[in-house]
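For ligands, and for the atoms within them, numbers begin at 1 and follow the listed sequence. FYI, side chains are in, hydrogens and waters are out, and symmetry mates aren't considered; it's all heavy atoms of this structure. All of these numbers come straight from a predicted model, not from anything done at the bench.
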Amino acid sequence: MPAVVIVGAQWGDEGKGKATDLIADRIDYVVKFNGGNNAGHTVVIGDEKYALHLLPSGILTPGVIPVISNGVVIDPEVLIEELDALSARGIDVSKLVISSHAHIITQYHRTLDKVTERFLGKRQIGTTGRGIGPTYADKINRVGIRVQDIFDEGILRQKVEGALGQKNHLLVKIYNRRAIEVDEVVNDLLSYAERLRPMVQDTALLLHTALEEGKTVLFEGGQATMLDVDHGTYPFVTSSNATAGGAATGAGIAPWRLATVIGIVKAYTTRVGSGPFPTELDDEFGEFLRKNGHEFGTTTGRPRRCGWYDAPIARYSARINGVTDFVLTKLDVLTGLEKIPVCVAYEVDGERVEEIPWSQSDFHHAKPIYEYFPGWSEDISGAREFDDLPQNARDYVLAVEGMSGARISAIGVGPARDAIITRHPLLD
Ligand code: GDP
Ligand code: IMO
Ligand code: MG
């Protein structure tokens, strides 16, 4: 089983970091293939809690080679800060490899992210403000700065000049901000060159060679299916492909290698930022989930919007990603509820709709149709076998599995590393 992908099946924060950590001791390489430091993965190891943003979670496992591939956008300052903070806690970060093709987030991308959001007012996306969208926009517009450019001052200056020529007009004339100096940006980027140079490689070649040698490579998706720029709730999405296909283009490996796709899905749903969310709860149950699930953003600290499990979303994710196994996380958070609603379909303009409507407007006003399952009150955080769970919890898992389009192979019952039930091994 040489290539494995982990993707989020909802709107992010499903517990992908913990799932990566769970299998990381059996893999050789872990690759972040999309997004940037908009991601936030919390991994709890013993008494230690790690919050990772730009680095893949697999970096916490000794012996694994962490890779940041071409599909990622890198803020060099954040990268270095994160590396130094982990080193200071005794984590070996010396094996990190980064792609020469990855794009760089600069000061003007961060500024543009914030000002465009402010300009959108009520229509804002609720981005993380890290410069992700503007950096991907420049990549697609062919005016981006890549990692390799910081090793060639002449080219770097040319590219920054080109980009700022346009952007300063925008910043000054439209957004009423000060112009950004070319020198300021160039000097800042050059200051990282020496530190980054030893890490930079052709990561597509590195991963191809590793896969040919039979090494196991884990592709760790940031964000999630419903935040994917093509398949998510556009425009309320991130600017990269967070679905399994993104691993092929985002790392430069052949699509046929991605035979194992692990979808991470929470036993309920959360979302950060704006956009449609049919099962969202604006009542004491929403508060219950937020409080018990500690649903506050790892990156921005924002309270996450909370709602019930949405089976059409899980089914959609299973289909778009080709999910072979789901990991159902945070089942423990539902403990104490008398009955647990699960969205099985939607009502759109008085009609029952089984799948996510193709029209974003319809999805905006889709009302969830619920089926109700009896809850449980026993503490399940110590359960390690499926049969350790109370009958009602087992029934909930089996019901959800039946509606979600792929088998549920593991179940999270607490934040701790070992708080997990394995029903089918995720790796052979
Ligand atoms: P990611 O972005 O998908 O990696 O997820 P986050 O780290 O942003 O959010 C998931 C949070 O849930 C983290 O704080 C994890 O420690 C925690 N977590 C993961 N699995 C479980 C679980 O099964 N139960 C509970 N209670 N917490 C979990
Ligand atoms: P992980 O990897 C949850 C959301 C933001 C915003 C939208 C666009 O931890 O699951 P961006 O800054 O990417 O342009 O913001 O996407 N968002 C996330 N929500 N988890 C994440 O990552 C997210 N990364 C981005 O809140 O709505
Ligand atoms: Mg997160």
Between Val237 and ligand 2, which part of the residue brings a heavy atom under 4.0 Å of the ligand: side chain, backbone, both or neither?
backbone
I need the contact type for Asp13 against ligand 1. Using non-hydrogen atoms and a strict under-4.0 Å cut-off, is it side chain, backbone, both or neither?
both
Report yes or no: do [X] and [Y] form a side-chain donor-acceptor pair below 3.5 Å?
X	Y	answer
Asp13	Thr270	no
Thr299	His53	yes
Gln223	Asn38	yes
Tyr136	Thr238	no

Is a side-chain donor or acceptor of Arg130 paired with a backbone partner of Thr128 at a separation under 3.5 angstrom?
yes
For Arg304, counting its heavy atoms only, list the atoms of ligand 1 lying under 4.0 Å from any of them.
8 (O), 9 (O)
Pull out every atom of ligand 1 sitting under 4.0 Å from any heavy atom of Val413, numbered as shown with elements.
23 (O)
Under 2.8 Å from the Mg ion (ligand 3), is there an N/O/S atom belonging to Gly17?
no
Below 4.0 angstrom from a heavy atom of Gly12, which ligand 2 atoms are there? Numbered from 1 as shown, please.
10 (O), 20 (N)
Taking only heavy atoms of His41 into account, list the atoms of ligand 2 that are under 4.0 Å away from them.
2 (O)
Check Glu284 with Lys291, please: is the shortest side-chain N to carboxylate O separation under 4.0 Å?
no
Under 4.0 Å between a Lys/Arg side-chain N and an Asp/Glu carboxylate O for Glu280 and Arg271?
no
What I want to know is whether Gly12 and ligand 1 share at least one N or O pair that is separated by under 3.5 angstrom.
no
Angle at the Mg ion (ligand 3) between OD1 of Asp13 and O of Gly40, to 10°?
160°
So which heavy atom in the protein is nearest atom 14 (O) of ligand 1, and how far is it from that ligand atom?
Thr42 CB, 3.5 Å
Test item, Arg271 contacting ligand 2 (heavy atom, 4.0 angstrom)
no
